[in-house]
S.K.: 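There's a structure below that I have some questions on.
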2 protein chains.
Amino acid sequence: MNKTGQRLKSTDLIEVLRELGIKTSAQRVAILRYLIDNDSHPSADMIYQDLAPSTPGLSKTTVYNSLKLFAARGLVSELTIDGREQRYDLADPTHGHFRCTTCGNVFDIPVHPEPRFQKFVPSGYQADSYHLYVTGTCPDCVRKKSS
Amino acid sequence: MNKTGQRLKSTDLIEVLRELGIKTSAQRVAILRYLIDNDSHPSADMIYQDLAPSTPGLSKTTVYNSLKLFAARGLVSELTIDGREQRYDLADPTHGHFRCTTCGNVFDIPVHPEPRFQKFVPSGYQADSYHLYVTGTCPDCVRKKSS
DNA sequence: ATTCTTGCAAATCATTTGCACTTTA
DNA sequence: TAAAGTGCAAATGATTTGCAAGAAT
C-alpha cells in the first residue's frame, strides 16, 4: 500500500519506464509498482518473495536484472546501508536514512536542501549525489527500552 | 605508510587495544597497524592479502574476527559504501566519504561539526552516528575526462 | 525477423561457522 | 591453567553468469 492508498494504473507505470528508455515487461512493471507501494527499502529477495505468489514464473534473476537496470537509469537508488545485502529505494534525493540498530528497520528522514552539503566537498571533486545516513534507536525501540 | 611517515611502536598499539578491553595478539596488532598506516578504506580481503606475506599463518578468519571486534569496541567503523563488500576505516566521526564512480576510490571528506546534522533527525529518534556519503567524480578522473 | 528479456541452474565471492589447537593473561 | 584467540575447511547466502526459450517492437 502506498502513501495515498491508490493503486496506480499500469499504463502510468509503463509510461514512467518508457520515458527513461526502459523497455517494458510485466515483471518490470510489477517490480516498479512494488517499489512505489512499499516504503520498506527492500532487498532483491524481499521483492522476489512478496511478488512471486502473485507473479507466476517470476525469477529472482529478473528481479536483480530489473533493479540493476532501474538503478542505472536513475529510477532507484541502491542503499548500501547494511553490510550484508543491497537494499533498494525509489530515487529521491530529498531524504536520507536512519537505521535503528535495535530493530534493524530503516526509516526515511527528510533532508530537503541538499545543496547545503556541497560545502563539505573539497574543491576539485565533482559531486553527483549526497546521502546522509544516521544510525541510532527509533522511537518504538526507545520506548521499549525505557519501560 | 601513515600520514606522519613514522612507524608506530607496537607497545603503543598494544596500549590502545588494552584501553579498549581488547586482548592483544600479534595478529590484532598487525591489523590495527595496517588500519593506522593506510587511508585506503580496505576490505577484509585487502587487509589479508597485504598482511599475509609478512604475517606468517595469518588467516582470513582472524582478519574478520578482529575487524568485527574492533568495530564492536568502536575502534573502527564499518563502511557500507559499496554494495558488494564491507570496508573498514579507523573510527573518526569528523569525516564523511566521497566515492568516485569512475575509478572506484574512496576519499575522506572533512565534516567537522557533526551536531549540525542533528536537525535532520525527526524528534523521537535517538541518533548515535551520522555519516555523509557523497558520490561523484574525483579530481584525477575529472582531469582525465576533460583531456 | 531481430533484438532484448526471462528463468533456470551452476558458478562466484564475501562472510560465517564448527572445531581442534595454540596463545594470552 | 583457565579463558580467549586462531586457523583450517566446510557451510551459507547474496549476487552473477551462461545459455536456451520466450516476448516485444
Side-chain angles (χ1 to χ4, degrees), chain A residues 10-11 13-32 34 41-73 75-76 78-88 104, chain B residues 10-11 13-32 34 41-73 75-76 78-88 104:
Chain A
S10 291
T11 52
L13 299 179
I14 288 174
E15 196 181 337
V16 167
L17 295 177
R18 287 240 167 84
E19 280 173 5
L20 291 166
I22 299 174
K23 283 201 178 183
T24 59
S25 74
Q27 293 90 329
R28 290 179 179 175
V29 170
I31 292 167
L32 173 57
Y34 183 91
H41 312 87
S43 65
D45 189 61
M46 292 171 192
I47 296 174
Y48 173 74
Q49 297 299 339
D50 287 355
L51 246 34
S54 56
T55 315
L58 179 68
S59 78
K60 211 179 275 192
T61 303
T62 296
V63 175
Y64 278 107
N65 286 342
S66 303
L67 289 171
K68 201 166 56 175
L69 177 62
F70 290 177
R73 288 293 195 289
L75 222 200
V76 309
E78 306 182 297
L79 307 181
T80 48
I81 247 175
D82 213 326
R84 186 68 79 267
E85 62 186 359
Q86 187 86 265
R87 301 294 207 92
Y88 296 87
Chain B
S10 290
T11 52
L13 299 178
I14 288 174
E15 194 181 336
V16 168
L17 294 176
R18 287 239 167 85
E19 280 173 6
L20 290 166
I22 298 174
K23 282 202 177 181
T24 60
S25 74
Q27 294 90 330
R28 290 180 178 174
V29 169
I31 293 168
L32 173 57
Y34 183 91
H41 311 89
S43 65
D45 189 62
M46 293 172 192
I47 297 174
Y48 173 74
Q49 297 299 340
D50 288 355
L51 246 34
S54 56
T55 315
L58 177 67
S59 77
K60 210 178 276 192
T61 303
T62 296
V63 175
Y64 278 107
N65 286 343
S66 302
L67 290 171
K68 201 165 56 175
L69 176 63
F70 290 177
R73 287 293 195 289
L75 221 201
V76 309
E78 306 181 299
L79 306 182
T80 49
I81 248 176
D82 212 326
R84 184 68 79 269
E85 60 187 1
Q86 189 84 264
R87 302 292 209 91
Y88 296 86

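Every chain is numbered from 1, with letters handed out A, B, ... down the list of sequences. Just so you know, these numbers use all the heavy atoms, side chains as well, and skip hydrogens, waters and symmetry mates.
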S.K.: Minimum heavy-atom separation for A:L58 and A:A52, please, with both atom names.
M.R.: CD2-N, 4.4 Å
S.K.: If we ignore hydrogens and angles and just use 3.5 Å, is the side chain of A:R87 paired with the main-chain N or O of A:H41 as donor and acceptor?
M.R.: yes
S.K.: So for the helix from C:dA1-D:dT25 to C:dA25-D:dT1, with five pairs setting each end axis, what is the inter-axis angle to 10°?
M.R.: 40°
S.K.: Measuring only between side-chain heavy atoms, which start at C-beta, is A:Y48 closer than 4.5 Å to A:T62?
M.R.: no
S.K.: Rounding to a whole Å, what distance do you find between B:L67:CG and D:dG7:P?
M.R.: 13 Å
S.K.: Contact class for B:R87 (heavy atom, under 4.0 Å): base, sugar-phosphate, or nothing?
M.R.: nothing
S.K.: Can you name the salt bridge (charged side-chain N to carboxylate O under 4.0 Å, His left out) partners of B:R28, sequence neighbours left out?
M.R.: none
S.K.: Please report, rounded to the nearest Å, how far the C1' atom of D:dG7 is from the CD1 atom of B:I31.
M.R.: 13 Å
S.K.: Could you write nucleotides 2-14 of chain C as a row of B, S and -, 5' to 3', where a protein heavy atom under 4.0 Å of any base atom gives B, of only sugar-phosphate atoms gives S, and otherwise -?
M.R.: --SSSBBB----S
S.K.: Would you give the length of the straight line joining atom CG of A:D45 to atom CD1 of A:I47, rounded to the nearest 0.5 angstrom?
M.R.: 9.5 Å
S.K.: Keeping the roles fixed (side chain from B:S54, backbone from B:L51), state whether a donor-acceptor pair exists under 3.5 Å.
M.R.: yes
S.K.: Rounded to the nearest 0.5 Å, what's the gap from CG on A:L32 to CG on A:L75? Could you check?
M.R.: 6.0 Å
S.K.: If you measure from CG on A:L67 to OG on A:S43, what distance do you get to the nearest 0.5 Å?
M.R.: 9.5 Å
